[in-house]
Each structure stands twice: as C-alpha cells, then as structure tokens.
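Atoms within a ligand are numbered from 1 in the order they appear, just like the ligands themselves. Throughout, residue positions are numbered sequentially from 1 according to the sequence presented. Note that the coordinates shown come from a computational prediction; the quantities given were computed from them, not determined experimentally.
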Amino acid sequence: LKKLSDYVKHWSYSSWSVGQKCTLALWYAQVERLRGPPVPAMERGTMLHLLAENYLKGEIQGMPRALRKIEFELKQLKRKRPIVEQYWNLDTHWRKTNKKNGWAVAKLDACVLPTERNPVADVVDHKSGKEYEPEHSKQGSLYGTFTMGMYPFVETVHVAFFYIDQGYAPSYTYTRAKLNYTKQYWIEQGNELMATSKFIATPTPNGCRFCSFRSDKKLENGQRGPCNKWKGVVSRW
Ligand code: SF4
C-alpha cells in the first residue's frame with residue numbers, strides 16, 4: 001500500500017489536523033489537491049492577516065479600524081520588532097533546513113525571535129472569527145516545538161493567538177523541559193501522519209460540518225464535492 005509520504009514530502013499543522021479528523025479528507029486535500037471555492041469568511045480572514053502583517057511591518061500608519069479590538073496586543077508586539085510572515089522548515093530530526101528538504105513546515109504570522117542573551121520567543125498567530133478550542137492548544141504546542149527546532153538554544157516560548165474579531169489573545173507558555181517532551185510527540189505525530197496508507201471516510205458531525213469535500217458543496221473547479229458520507233451524520237448537526 002502506498003503511504004502519504006509517497007505522494008507528499010511535507011506536513012503542516014493543517015494537514016495533521018485534517019488527518020486527525022478524516023483520512024479520506026486528507027487524501028482529497030493532499031493527494032488529489034482538491035480545493036473548495038473561496039468563502040466570504042476565508043476572504044475576510046486573508047484580508048485581516050494582510051492588514052496585521054502590514055501594520056507590524058510599519059507599512060500602515062495608525063491602527064486600522066478592523067484591528068482595533070486587538071490594538072493593545074498588536075502595539076506591544078510591534079514594539080518588539082517581530083519578524084512577520086515567515087516559512088519555517090524542519091527535517092525529520094527536527095533540525096532547521098531549507099524549503100526543499102522540509103519535512104515539517106509552518107508559516108509564522110509573527111515571531112519575536114530569541115537571542116543568546118534573551119532566549120525567549122514570542123510566537124503570534126492571527127485568527128479571525130470565533131475561538132475553536134481545544135485545537136489551538138495543539139497548534140500552540142506545535143509552534144512552540146517548531147521554535148525550538150529552529151532556535152535550539154531557546155529556553156521559553158510564548159505562543160499567542162490574536163483573535164482579531166473578538167479582541168482576545170489567549171497564550172500558552174512552553175518551557176525547555178516541556179518542549180523536549182513535545183518534540184518527541186510531534187516527531188511521532190509527523191511519522192504517523194506520513195505513514196498513513198488507508199484513506200477512509202470517518203464521518204463525524206464536527207469533521208463533516210466544515211469539510212470542503214461534501215457532495216452538497218462545490219469545489220473550486222465548479223464540480224460537486226466527491227464525498228457523500230456526511231449524510232449519515234447530518235441529522236446530528
Ligand atoms: S464529508 Fe466527512 S467523511 Fe467525507 S471526506 Fe469530509 S470529513 Fe470525511
């Protein structure tokens with residue numbers, strides 16, 4: 001049986017998260033590369049990300065109205081001169097590598113990098129819409145662990161989620177001891193994901209609800225989604 005790693009060389013939080021819910025959806029997204037059409041919520045999310053990025057880079061004067069609910073946190077972050085919108089790549093040993101050899105990949109919205117003198121990192125992920133716990137705590141754990149792979153001397157990583165629409169910024173702190181543990185966890189998770197060889201429909205109310213591959217939705221190419229297994233759980237929504 002062919003494994004996911006025979007088709008794709010990288011995994012990210014998003015592919016891991018899809019694989020946790022339904023491996024058939026993972027197949028459609030990663031192997032067949034099917035995409036749903038852009039929806040207004042996604043377009044708005046992209047616009048807010050871009051605004052926050054430009055604000056942090058100093059390319060926008062003043063605080064844009066759409067970011068006002070998170071103004072305090074953004075101002076504090078900007079003062080610390082973060083890097084913004086950067087791709088990070090790690091190899092199978094969790095060591096920094098280039099894009100070509102990346103095994104685990106992440107796109108950072110913003111990060112105040114650690115230094116030898118101050119081995120503390122602040123990672124920030126911008127979110128639009130409502131909070132979806134507990135998924136962000138897993139994402140926080142992965143981003144914290146990623147930071148240790150990129151900057152092995154880091155002692156503490158704070159990962160914050162800036163909920164732009166809610167004006168709320170929950171954060172998670174990872175110490176070195178915790179990161180040593182989560183590093184093993186994420187390497188195992190990555191290996192397990194890439195070894196996936198059975199791509200089976202696993203319909204669940206939450207998984208199917210937001211899935212782009214449902215037969216009652218249209219794909220980017222205008223055709224209907226390929227999966228009708230969601231019908232078994234529709235009555236539970
Ligand atoms: S609709 Fe449900 S069962 Fe079908 S691919 Fe999506 S998540 Fe899986």
Cationic tip of Lys78 within the cone over Tyr55's six-membered ring, i.e. under 6.0 Å and within 45° of the normal? yes

Could I get the full list of side-chain contact (heavy atoms from CB on, under 4.5 Å) partners for Lys198, not counting sequence neighbours? Leu1, Ile200

Without placing hydrogens or testing angles, list every side-chain donor-acceptor pair under 3.5 Å for residues 60-71, not counting sequence neighbours.
from, atom 1, to, atom 2, distance (Å)
Lys69, NZ, Asp165, O, 3.2
Glu71, OE2, Lys75, NZ, 3.0

Taking atom types as modelled, is there a side-chain donor on Lys138 or Gln189 under 3.5 Å from an acceptor on the other? no

Joint hydrophobic cluster, Val120 plus Ile83, side-chain heavy atoms closer than 4.5 Å: no

Sort by chain and number the protein N/O/S atoms found under 2.8 Å from atom 8 (Fe) of ligand 1. Cys22 SG

Can you tell me which residue pairs pass the side chain to side chain donor-acceptor pair (under 3.5 Å) test with a partner in residues 106-117, sequence neighbours excluded? His49-Asp109, Glu85-Lys107

May I ask you to identify the nearest protein heavy atom to atom 1 (S) of ligand 1, giving residue, atom name and distance to one decimal place in Å? Arg214 CG, 3.5 Å

